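To find a chain, count down the sequence lines: A is the first, B the second, and so on, and within it residues start at 1. This structure is a prediction, so every number in the text was calculated from the model and none was measured.
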Protein chains: 2
Amino acid sequence: MPKNRRVTIADVAARVGMTNITVSRALNRPEMVKAETRSKIEAAASELGYVPNAFARGLKHSESRLIGFVTASVDNPFYAEMIKAVSRHAKQHNYAILLFDTDGEAWLEANAIETLLSYQAAGIILSPISDEPDYRPDYIDRLHNSDVAVVQLDRTLYNADFSSVVLDNVWAGQCVAAHLLNRVFAETRVSAEAPARLLIAAGPEQSIISRERLAGVQTTLAETDRGVAVDVLWGDYTLEPARDDVGAYIETYGMPGAIFGMNQLITLGALQAMKAHGIAPDTLSVISIDRLPYLDIFDIRVPCVVHDGFHAGQRALELLLERIADPELPQQTITVRGELIE
Amino acid sequence: MPKNRRVTIADVAARVGMTNITVSRALNRPEMVKAETRSKIEAAASELGYVPNAFARGLKHSESRLIGFVTASVDNPFYAEMIKAVSRHAKQHNYAILLFDTDGEAWLEANAIETLLSYQAAGIILSPISDEPDYRPDYIDRLHNSDVAVVQLDRTLYNADFSSVVLDNVWAGQCVAAHLLNRVFAETRVSAEAPARLLIAAGPEQSIISRERLAGVQTTLAETDRGVAVDVLWGDYTLEPARDDVGAYIETYGMPGAIFGMNQLITLGALQAMKAHGIAPDTLSVISIDRLPYLDIFDIRVPCVVHDGFHAGQRALELLLERIADPELPQQTITVRGELIE
DNA sequence: CTGTTAGCGCTTTCAT
DNA sequence: ATGAAAGCGCTAACAG
């Protein structure tokens, strides 16, 4: 059986002996049509299996009910959580989500933006591949010149004038340092010769997020007279380099007083390195940003600063909807503060 | 500064003193246009910031480059992996992904399908909220009557005639049973009075997937003369009921010989229940389907049958593309077999 | 190689 | 309360 030609509004109209426009109205502005006509039309529509054509409608209005979500990694659990939040709230407002996983590639990110523009996306939630100052993609201007609403999420483009929902990274660093001072370096006294060492496994050296987290740690440490020396290993927010570099560090300098992993994957890398060097997790204090899921079931406690991804995603969508409703609104930045979980 | 009206093909045409169609051709069929004209047009297009209107194009062709991905849980890591695979391969073929998280709600699933139909989606990858025989959503017929390609992924609708990529659930069950016979119940002898007990924490009682996994276990156990009694706790693939029911079971019947959790969350629930009852993970053998990530770092070994979500997603997209290319192709079922990881 | 015409499906005028 | 006509932006089909 060959598939039937698509049912249009005209087919429905013919069926009930009316014209297109009446059908259109019956379906979209029911109050403008006599109740009797309307129910005839509705019956005919569902009988024929009428489905409105989103393209025709979009072309007419030159606006769409599409929101783009652009991220470097759908499979990062923190992003998955944010996607879930965005998706859930978007559909409450009758928007659908176009999802782009850029895989960390600049050209895929540029493509994604281009595609969203061509679909007249009402808004874009953008978590770019990099927050480093020298990443200045060409699409920034096109975005500014178009009338899409844009909200950056978690990562932001350096100096780009868009709204954003970001984490309070300085605070997260302070939190980590405060916890370490209380628990791990509590005994430490000023001692220039053999200072206590804190090893920080960070993201990229130019990443603003990493630098803020580091700055948070340093300011809090500087407020005390405890002589804690900080060693930083720059990485890229993935597991492998963190594992290798922490391993190399331990071989060269021995065990530090504590290790701070700047995200989930980095921390897991550090823990793997420790395991490879026969260091049990409870011998060496490890602290993280982002939760290491379900470890509590096994009585492994890695304290961490946890951010509510669901909340962040929801706020981003709210910001986006506000800007869609009123494009003249000033850009806003919302900061989401994490919480230390022991 | 007010946003400029959208740049159309006509604006570009005016700029270079040509007509629409030439511009259209220069952009889409470069070989049909004189090289010189083409480069003038390309220059003008990029200068004006021309972006093709996907709606106009879609309306014209009555086809879109959109693929729908409908799932009950974006935040399930197994699905996240499949989404990543689908997304990566879709963009290689110039398709974008419309993502719908149905949150386990039938009406949201129906909405998602409706929306995809209205966007003339070229194809839909569908992982429905339930594979139980009494879940027969209305949209099945609409899907059959339309010309969207549909591939079911992981979960399938009972008796719906769509292609699908599913896991080899019977085999997974057999694998689990074989492993238990080798390692845990190796010593067990026929003993009608006090048989060894295997506790299975399953999904919904009517779920085909759960029943297949169970059937796999039972056939393999039946091939031996080891007297292993199987107790099944039906649940819903989430953590909490598994945790509570396993806890209650342990209180009533004491510790079983082994526990088999039918997915990641169920197994985690079982492990939580064990912890609550002071049973260390290495005292009681636990086996799972789906990997419990990163536990090896902590020397916790929960053997599991692991399925390659990335591969499954990729196969699903391939199947979909084949059907988009040739809608007359017969429906196919691809079975992905897991692997036991100790 | 380039232009004219027409139409995809829908909805916004402006009538009736 | 309903209808006629026009057009959103783009591209087949058919000239030239």
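- Side-chain atoms of A:Ser164 never come within 3.5 Å of backbone atoms of A:Val166 as a donor-acceptor pair (strictly under, hydrogens ignored).
- Between the CG atom of A:Asp11 and the P atom of C:dC8 there is a distance of 11 Å, given to the nearest Å.
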Next item on the list: Dump the intermediate steps for side-chain hydrogen bond (donor to acceptor under 3.5 Å, both in side chains) on B:Gln120 and A:Arg6, then the final yes or no.
Entry: CA-CA 10 Å; B:Gln120 327 280 350; A:Arg6 224 163 230 113; 2.5 Å; yes

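- Separating the CD1 atom of A:Ile9 from the P atom of D:dT2 is a distance of 15 Å, rounded to the nearest angstrom.
- Between the side chain of A:Glu81 and the main chain of A:Phe310, a donor-acceptor pair closer than 3.5 Å is present.
- When rounded to the nearest whole Å, the span between CZ of A:Arg29 and P of C:dT11 equals 9 Å.
- Candidate nucleotides D:dA1, D:dG9, D:dG3 were compared by shortest atom distance to the side chain of A:Lys34, and D:dA1 ranks first.
- In this structure, B:Thr37 reaches the C:dT2 phosphate: one of its side-chain N or O atoms is under 4.0 Å from OP1 or OP2.
- Legend: residues meeting side chain to side chain contact (heavy atoms under 4.5 Å, CB included) with B:Glu114, ordered by chain and number and at least two apart, are B:Arg142.
- Taking atom CD of A:Glu36 as the reference point, atom P of D:dA1 lies 13 Å away to the nearest angstrom.
- Sorted by residue number, the members of residues 38-67 of chain B with any non-hydrogen atom under 4.0 Å from DNA chain C read B:Leu59, B:Lys60.
- Between the CE atom of A:Met32 and the C1' atom of C:dA15 there is a distance of 13 Å, rounded to whole Å.
- Counting only heavy atoms from C-beta on, A:Asn28 has its side chain closest to C:dT11 among C:dG3, C:dT11, C:dT2.
- For D:dT11, one of the phosphate oxygens OP1 or OP2 lies less than 4.0 angstrom from a side-chain nitrogen or oxygen of B:Ser24.
- For A:Ala106, the side chain to side chain contact (heavy atoms under 4.5 Å, CB included) criterion is met by A:Ile129, A:Tyr135, not counting sequence neighbours.
- Contact annotation: A:Thr8 side-chain N/O to C:dG9 OP1/OP2 distance is not under 4.0 Å.
- The backbone N or O of A:Asp161 lies less than 3.5 Å from a partner atom in the side chain of A:Gln331, making a donor-acceptor pair.
- In this structure B:Ala80 satisfies the side chain to side chain contact (heavy atoms under 4.5 Å, CB included) test together with A:Asp75, sequence neighbours excluded.
- Residue B:Thr22 places none of its side-chain N or O atoms closer than 4.0 Å to OP1 or OP2 of C:dT2.
- No donor-acceptor pair under 3.5 Å is formed between the side chain of B:His144 and the backbone N or O of B:Phe162.
- The nearest whole Å value for the distance from the CZ atom in A:Arg25 to the P atom in C:dT12 is 9 Å.
- Annotation: side chain to side chain contact (heavy atoms under 4.5 Å, CB included) contacts of A:Pro133 (sequence neighbours excluded): A:Tyr158, A:Gln206, A:Ile208.
- Rounding to whole angstrom units, CD1 of residue A:Ile21 and P of D:dA5 are separated by 14 Å.
- Atoms CG (A:Leu27) and C1' (C:dG9) sit 13 Å apart, rounded to a whole Å.
- Rotation axes derived from the C1' atoms of the five outermost pairs at either end of the helix from C:dC1-D:dG16 to C:dT16-D:dA1 lie 30° apart, to the nearest 10°.
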